[in-house]
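So the structure is just underneath, and the comments pick up after that.
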Amino acid sequence: MPKASDTLWDLAIAEVKKRENPDNDDDVKPGEVWEKSILFMGNKNGGKTTIILRCLEREESPKPTLALEYTFGRRARRHNTPKDVAHFWELGGGTSLVELIRIPITSYNIRSFAVVLVLDLSKPHELWTTMESLLQVTRNHVNKILTKLEKANPEVAAEIKQRMWNDLQRDHPDYALVDPFPIPLVIIGSKYDIFHEFDSEMRKIISKTLRFVSHYYGASLVFTSKSEALLLKARALINHLAFGYDKSKSVSVDPSKPLFIPAGLDSMSQIGPPPASDSDLGKMHATTPLELWKKVFEKTFPPKSFCDLQDTKDPAQDIQYTEYEVDVMRAQKNQELEQYKRNVSKSWKEMDFDSDS
């Protein structure tokens with residue numbers, strides 16, 4: 001709040017500080033280091049590592065993610081200040097290793113944590129299952145942390161819950177219709193280049209559905225690919241979460257183009273009803289808007305019957321984790337195991353069992 005004694009110079013300094021700290025985090029004092037954490041999760045081979053490397057401006061070839069991986073980046077908010085730190089966690093294995101989210105998301109960093117969900121647009125039959133599974137487990141874990149915080153530190157718990165609604169004003173027409181995710185969420189639709197070749201009606205259904213889900217959860221939505229221009233848009237949203245950079249106010253909702261919708265800038269009226277006929281909608285039984293959209297989406301794209309665990313490769317056989325001494329010892333143990341199996345099998349066959357006759 002400006003004071004009567006403030007000079008024009010004081011007001012200018014205050015405005016600059018406000019722009020450099022868009023989230024107005026009172027805990028970050030001048031000269032202190034801002035630390036944020038982001039968990040990337042989504043489809044296997046969906047492009048999570050590529051997006052992380054691009055955000056950190058690293059010229060590396062992406063490698064398959066093993067279970068849960070960690071890296072970090074540093075950026076200075078302004079000249080001659082300490083560099084802020086962003087912790088980047090990446091969950092591999094699609095939905096098969098989702099329980100590992102308990103490791104990076106804790107009561108110690110929950111105030112500064114965000115989630116980036118990367119969905120492979122080229123695999124619509126896996127889209128809803130992947131999204132639902134990952135967000136449900138994450139939300140349950142975060143809610144458990146908040147429940148404990150309410151007892152240990154009610155002020156912090158209240159602050160986090162209030163922050164959920166920051167992107168949606170009370171006078172927004174959809175205020176009573178949405179259910180914001182408990183921590184900041186960005187949904188990225190990857191492989192737009194392949195998605196763009198889909199039939200226009202298929203693209204429309206996927207785009208409308210992801211717009212609804214993002215708006216319902218109070219999330220930002222962006223479509224991207226290996227295109228530098230699209231990666232820059234995704235990077236802008238992530239840099240806002242990681243380093244407090246200015247939040248973009250541009251919006252692109254044209255279904256024939258890559259979507260870009262920051263949190264709070266969409267609406268149910270603009271999204272429209274679920275893409276189904278009135279007769280089909282009348283036959284569907286749903287208790288929530290989210291459930292109704294799920295039924296409509298899965299009518300066009302039935303969930304693919306697959307098991308993430310079945311095709312998870314044994315990391316011990318991956319050449320990127322080769323270690324000569326360990327591999328020699330492992331080979332020796334494997335030989336010993338096979339010999340043991342043969343001996344057991346042989347002795348089992350030679351056993352004399354009494355049989356009733």
- For Glu155, does the CD atom have more than 12 heavy-atom neighbours from other residues, nucleotides or ligands under 6.0 Å away? no
- Task: Calculate, to the nearest 0.5 Å, the distance between atoms CZ and CD1 belonging to Arg235 and Ile52 respectively.
- Result: 14.0 Å
- Query: When you look at Val253 and Val251, which way does the side-chain contact (heavy atoms from CB on, under 4.5 Å) test go after all the steps?
  - Reply: CA-CA 7 Å; Val253 297; Val251 177; 3.6 Å; yes
- Task: Using atom types as modelled and distance alone, determine if a side-chain donor or acceptor of His125 lies under 3.5 Å from a backbone N or O of Pro302.
- Result: yes
- Item | Transitive ILVMFWY side-chain link Leu53 to Leu230, under 4.5 Å | no
- Answer yes if Met268 and Leu259 sit in the same cluster of Ile, Leu, Val, Met, Phe, Trp and Tyr residues linked by side chain heavy atoms under 4.5 Å apart, and no otherwise. yes
- Message: List the residues meeting salt bridge (charged side-chain N to carboxylate O under 4.0 Å, His left out) with Asp174, not counting sequence neighbours, and say none if there are none.
- Response: none
- Val115 vs Val186 side-chain heavy atoms within contact, under 4.5 Å: no
- Any idea which heavy atoms bring Phe243 and Arg74 closest together, and the distance? CE2-C, 4.1 Å
- Contact check, side chains of Pro289 and Phe212, non-hydrogen atoms, under 4.5 Å: yes
- Query: Do the two ring centres, one from Trp293 and one from Tyr216, sit under 6.0 Å apart?
  - Reply: no
- Task: Mind listing the closest non-hydrogen atom pair of Lys257 and Ser252 along with its distance?
- Result: CB-OG, 4.4 Å
- Thr71 and Arg58: side chain donor to acceptor below 3.5 Å: yes
- Query: Do the charged groups of Asp120 and Lys44 touch, with an N to O distance under 4.0 Å?
  - Reply: no
- Within a strict 4.5 Å, meaning less than it, do heavy atoms of the Leu117 and Met131 side chains meet? yes
- Query: Can you tell if the side chain of Pro262 reaches within under 4.5 Å of the side chain of Lys247, non-hydrogen atoms only?
  - Reply: yes
- Task: Indicate the atoms forming the closest heavy-atom contact of Ile145 with Ser107, along with that distance.
- Result: CG2-CA, 3.7 Å
- Distance from Thr224 atom OG1 to Arg54 atom CZ, nearest 0.5 Å? 10.0 Å
- Name the one of Thr138, Val137, Leu68 that satisfies side chain to side chain contact (heavy atoms under 4.5 Å, CB included) with Met41? Thr138
- Ring geometry between Phe195 and Phe223 (parallel below 30°, tilted from 30 to 60°, perpendicular above 60°): perpendicular
- Report yes or no: does Ser96 contribute a side-chain atom to a donor-acceptor pair with the main-chain N or O of Gly93 at less than 3.5 Å? yes
- Message: Quick one, Thr50 with Lys48, criterion side-chain contact (heavy atoms from CB on, under 4.5 Å). Give me CA distance, side-chain angles, the key distance, then yes/no.
- Response: CA-CA 5 Å; Thr50 299; Lys48 300 183 291 296; over 6 Å; no
- How long is the gap from CD1 on Ile271 to OG on Ser207, to the nearest 0.5 Å? 11.5 Å
- Item | 4.5 Å side-chain heavy-atom contact, Val142 and Asn140 | no
- Of the non-hydrogen atoms in Val296 and Pro275, which two are nearest, and what is the gap between them? CG1-O, 3.6 Å
- Query: Is any side-chain N of the basic residue among Lys204 and Asp199 closer than 4.0 Å to the acidic one's carboxylate O?
  - Reply: no
- Message: Under 4.5 Å between side-chain heavy atoms, counting indirect links through other Ile/Leu/Val/Met/Phe/Trp/Tyr residues: same cluster for Trp128 and Leu121 or not?
- Response: yes
- Item | Heavy-atom donor-acceptor pair, Ser133 side chain to Thr129 backbone, under 3.5 Å | no
- Query: Looking at Phe260, is Lys233 sitting on its ring face, NZ or CZ under 6.0 Å from the six-membered ring centre and within 45 degrees of the normal?
  - Reply: yes
- In terms of side-chain heavy atoms, does Ser227 have a donor or acceptor partner in Ser225 at a distance below 3.5 Å? no
- Message: What verdict does the salt bridge (Lys or Arg N to Asp or Glu O under 4.0 Å) test give for Arg102 and Glu99, after you've listed the backbone C-alpha separation in whole Å, the side-chain angles of each residue and the deciding distance to 0.1 Å?
- Response: CA-CA 6 Å; Arg102 302 167 189 271; Glu99 294 301 326; 2.8 Å; yes
- Task: Provide the closest heavy-atom pair for Leu100 versus Ala67 in the form atom of the first, atom of the second, distance.
- Result: CD1-CB, 4.0 Å
- Show your reasoning for whether salt bridge (Lys or Arg N to Asp or Glu O under 4.0 Å) applies to Asp266 and Arg211. CA-CA 8 Å; Asp266 211 343; Arg211 281 184 65 186; 2.7 Å; yes
- Flag side-chain contact, heavy atom, 4.5 Å: Arg139 against Leu134: no
- According to the interplanar angle, ranging from 0 to 90°, do the rings of Trp165 and Tyr175 count as parallel (below 30°), tilted (30 to 60°) or perpendicular (above 60°)? tilted
- The reported gap from CZ in Arg75 to CG in Asn239 (rounded to nearest 0.5 angstrom) is 5.0 Å
- Give a yes or no on whether Leu231 and Leu56 share a hydrophobic cluster (residues Ile, Leu, Val, Met, Phe, Trp, Tyr; joining criterion: side-chain heavy atoms under 4.5 Å apart). yes
- Message: Is a donor from one side chain sitting under 3.5 angstrom from an acceptor on the other, for Glu35 and Ser112?
- Response: no
- Item | Residue pair Leu97 / Gly92: nearest heavy atoms and the distance that separates them | CD1-O, 3.6 Å
- Are Leu135 and Leu292 in one and the same hydrophobic cluster, where Ile, Leu, Val, Met, Phe, Trp and Tyr link if side-chain heavy atoms are under 4.5 Å apart? no
- Query: So, do Leu39 and Ile105 sit near enough that their side-chain heavy atoms are less than 4.5 Å apart?
  - Reply: yes
- Do Ile205 and Phe301 pass the side-chain contact (heavy atoms from CB on, under 4.5 Å) test, and can you show the C-alpha distance, the side-chain angles, and the key distance before you say yes or no? CA-CA 10 Å; Ile205 293 171; Phe301 303 105; 4.0 Å; yes
- Query: Counting N and O atoms only, with roles assigned by atom type, does the side chain of Arg203 sit under 3.5 Å from a partner on the main chain of His196, one being a donor and the other an acceptor?
  - Reply: yes
- Message: Using the ring pair (Phe, Tyr, Trp, His ring centres under 6.0 Å) definition, which of the options Phe113, Phe72, Phe40, Tyr70 pairs with Trp89?
- Response: Tyr70
- Message: Determine whether a donor-acceptor pair (N or O, by modelled atom type, separation under 3.5 Å) exists between the side chain of Ser37 and the backbone of His87.
- Response: no
- Report the distance from atom OG of Ser248 to atom CG of Leu232, rounding to the nearest 0.5 Å. 12.0 Å
- Message: Determine whether a donor-acceptor pair (N or O, by modelled atom type, separation under 3.5 Å) exists between the side chain of Ser267 and the backbone of Pro173.
- Response: no
- Query: Among pairs that include at least one residue of residues 274-299, which meet salt bridge (charged side-chain N to carboxylate O under 4.0 Å, His left out), considering only residues two or more places apart or in two chains?
  - Reply: Glu132-Lys294, Asp280-Lys299
- Message: So Ile160 and Arg111, do their side chains get closer than 4.5 Å, heavy atoms only?
- Response: yes
- Item | Check against side-chain contact (heavy atoms from CB on, under 4.5 Å), Thr300 and Ile206 | CA-CA 10 Å; Thr300 304; Ile206 296 170; over 6 Å; no
- Straight-line distance of Thr95 OG1 to Gln136 CD, nearest 0.5 Å: 12.0 Å
